[in-house]
Protein chains: 2
Amino acid sequence: MRMSIDEILALDKYKRTALLNQISGIRSAHLLGSQSKLGQSNLALFNSVIHIGANPPLLGFIMRPTTVERHSYHNIKETGYFTLNQFPAQLYKQAHQTSAKYPLNISEFEACGFQEEWINDFPAPFVKECSIQIGLAFEEEQLIKANNTRLVIGRIQALTIADSVIDCNGYINFEQLNLVGVSGLNSYYSFQKLGDCPYAKP
Amino acid sequence: MRMSIDEILALDKYKRTALLNQISGIRSAHLLGSQSKLGQSNLALFNSVIHIGANPPLLGFIMRPTTVERHSYHNIKETGYFTLNQFPAQLYKQAHQTSAKYPLNISEFEACGFQEEWINDFPAPFVKECSIQIGLAFEEEQLIKANNTRLVIGRIQALTIADSVIDCNGYINFEQLNLVGVSGLNSYYSFQKLGDCPYAKP
């Protein structure tokens, strides 16, 4: 199928949105944990987390327009802290359920069957069931003019991951970790390792 | 393994970089095709492509600091156009080879064994061997203060994908497409579909 932009825009609205949501390929799936100043916890599924840099250690994600209430964004701006947690394949349905629109006074941790984990004095909740837990401090945000979304960037403050899946060079085995990827908003995939390539030279 | 930011920063430099490059999870792998005004083609591997929005259809990627020559970035700014192409698993070693630092007058298409494909009058080269080909026009860029990287955003102009892998709702089967994901800079993975979830409701 070969489509010009006019043909893409002429597709049925639901088909067009589904297609365009998936076309960037499989993405990693993260549960974002946060808490309001008043102590209300929030957990939300994000599929747009990207690596921004290793030094300083930065991750970013896309926040949709704040024309409706965005609890995670509000908490991050209020407290300055959040967590990103990657979940194992057997929990993907539970994790997906956090994307439902719960009211502000409901914690998705409780509603979807995840446990809050508070590690040392980090001021945002981690997800106990997750195999990679990353604690971040808000660093900066960029408003994207084209569609009023935001790139929100956090600086890594703390990290938990099973030793057994990291080899001597610092490589993580994601197949062994049994993590999942997501296509669009609701198709889930597991990973099988193909191999490592050496640093490429001409 | 539980590490604070101080413990992460104290790791051996190579291990720290490897770990932090992977910690955001598996990402989709794209070959970015571009051409200079003088007609020199360029092909480069990017592992930071993200979905920015479906309406208008926007994708973005992170461009490292332009303190050294960045041929793709230069071409995109010069011509206003580029392509993103997702390759099948059997070509991952060839695709990885495009990440080598070839001089400006060498086309990675030729050097790494890919064929340029020119579709209609789109002013940037697609990769013939790829199963998803996306043509984009430069839309905007955001300079990230924390590390001088850039979020470069393109607006989708054209799209090629096999009909056989899209179902009636517009869902793409990435397992059937046999595409790959990448962890860090050099570990490759294939995908196995777990399942689709319905739109979540409280």
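Quick note: numbers below take in every heavy atom, side chains included, and nothing from hydrogens, waters or symmetry partners. Just so it is clear: chains get the letters A, B, ... in the order the sequence lines come, proteins before strands, and each one is counted from 1.
- For a residue to count as touching a neighbouring chain, one of its non-hydrogen atoms must lie under 4.5 Å from one of that chain's; by this rule B:V182 does not touch chain A.
- Contacts of A:I161 with chain B are made by both backbone and side-chain atoms, with heavy-atom separations under 4.5 Å.
- With a 4.5 angstrom heavy-atom cutoff, A:L159 touches chain B via backbone and side-chain atoms both.
- When the candidates B:K15, B:E140, B:E175 are compared by the number of heavy-atom contacts under 4.5 Å with chain A, B:E140 comes out ahead.
- Proximity to chain A is limited to the side chain of B:Q86, based on heavy atoms less than 4.5 angstrom apart.
- Contacts of A:P198 with chain B are made by backbone atoms alone, with heavy-atom separations under 4.5 Å and no side-chain atom involved.
- With rounding to the nearest 0.5 angstrom, the CD atom of B:Q142 is 11.0 Å from the CD atom of A:E141.
- No donor-acceptor pair under 3.5 Å is formed between the side chain of A:H51 and the backbone N or O of B:I23.
- Of the two parts of A:A111, neither the backbone nor the side chain holds a non-hydrogen atom closer than 4.5 Å to a non-hydrogen atom of chain B.
- The backbone N or O of A:R2 sits nowhere less than 3.5 Å from a side-chain atom of B:T160 that would complete a donor-acceptor pair.
- When heavy atoms are compared at a cutoff of 4.5 Å, A:R155 does not approach chain B at all.
- When each of A:L177, A:L58, A:I166, A:T98 is scored by its heavy-atom pairs under 4.5 Å with chain B, the top score falls to A:L58.
- To the nearest 0.5 Å, atom NZ of residue A:K145 and atom CD of residue B:E139 are 9.5 Å apart.
- To the nearest 0.5 angstrom, A:S99 atom OG is 7.5 Å from B:Y199 atom OH.
- Residue B:E7 does not touch chain A at all, counting heavy-atom pairs closer than 4.5 Å.
- If you measure heavy-atom distances from A:L84 to chain B, you find no contacts under 4.5 Å at all.
- Using a 4.5 Å cut-off between heavy atoms, A:Q97 contacts chain B through both its backbone and its side chain.
- Taking chain A as the reference chain and counting heavy-atom pairs below 4.5 Å, the highest number among B:V180, B:L20, B:L151, B:L59 is found for B:L20.
- Looking only at distances, no side-chain donor or acceptor of B:Y188 sits under 3.5 Å from a matching main-chain atom of A:D196.
- Heavy atoms closer than 4.5 Å to chain A are found in the side chain of B:I119, but not in its backbone.
- Between B:Y171 and A:N186, the side chains place a donor N or O and an acceptor N or O closer than 3.5 Å (distance only, hydrogens not considered).
- Scanning all heavy atoms of the two residues, the minimum distance from B:F174 to A:S183 falls at CE1-OG, 3.2 Å.
- When every heavy atom of A:P202 is checked against every heavy atom of B:A100, the shortest pair comes out as N-CB, 3.5 Å.
- Highest contact tally toward chain B, considering only A:D6, A:L179, A:L19, A:L11, is held by A:L19 [criterion: heavy-atom pairs under 4.5 Å].
- Only the side chain of A:I153 comes within contact range of chain B, with at least one heavy atom under 4.5 Å from a heavy atom of that chain.
- In this structure, the portions of A:I156 lying under 4.5 Å from any heavy atom of chain B include both its backbone and its side chain.
- Between the side chain of B:Q192 and the backbone N or O of A:Q192, no donor-acceptor pair lies under 3.5 Å.
- Taking B:A54, B:P56, B:G60, B:P103 one by one and counting their heavy-atom pairs under 4.5 Å with chain A, the maximum is reached by B:A54.
- Residue B:I26 touches chain A through both its backbone and its side chain, counting heavy-atom pairs closer than 4.5 Å.
- For A:I62, the part lying near chain B is the side chain, with the backbone staying farther off; criterion is any non-hydrogen pair under 4.5 Å.
- Ranked by heavy-atom pairs under 4.5 Å with chain B, the list A:Q133, A:E108, A:H96 is led by A:H96.
- With a 4.5 angstrom heavy-atom cutoff, A:L185 does not touch chain B via any of its atoms.
- For a residue to count as touching a neighbouring chain, one of its non-hydrogen atoms must lie under 4.5 Å from one of that chain's; by this rule B:R64 does not touch chain A.
- Side chain of A:Q22 to backbone of B:I172: a donor-acceptor contact under 3.5 angstrom is found.
- Your options are A:A18, A:A146, A:A89, A:A162, and the one with the most heavy-atom pairs under 4.5 Å with chain B is A:A146.
- Shown here are the ring-ring contact (aromatic ring centres under 6.0 Å, His included) partners of B:H30, two or more places apart in sequence or in another chain: there are none.
- Atom CG of B:L194 and atom OG of A:S190 lie 4.5 Å apart (nearest 0.5 Å).
- Looking at A:D12, there are no atoms closer than 4.5 Å to chain B (heavy atoms on both sides), in backbone or side chain.
- Within the 4.5 angstrom heavy-atom criterion, atoms from both the backbone and the side chain of A:K101 approach chain B.
- In terms of heavy-atom pairs under 4.5 angstrom with chain B, the leader among A:R16, A:K201, A:K93 is A:K201.
- Between the A:S28 side chain and the B:S24 main chain, a donor and an acceptor come within less than 3.5 Å of each other.
- When the candidates A:L9, A:N147, A:I132 are compared by the number of heavy-atom contacts under 4.5 Å with chain B, A:N147 comes out ahead.
- A distance of 4.0 Å separates NZ of B:K193 from OG of A:S187, quoted to the nearest 0.5 Å.
- The contact between B:I144 and chain A is made by backbone and side chain atoms together, counting heavy-atom distances below 4.5 Å.
- Taken to the nearest 0.5 Å, the CD1 atom of A:I52 stands 5.5 Å off from the OG1 atom of B:T149.
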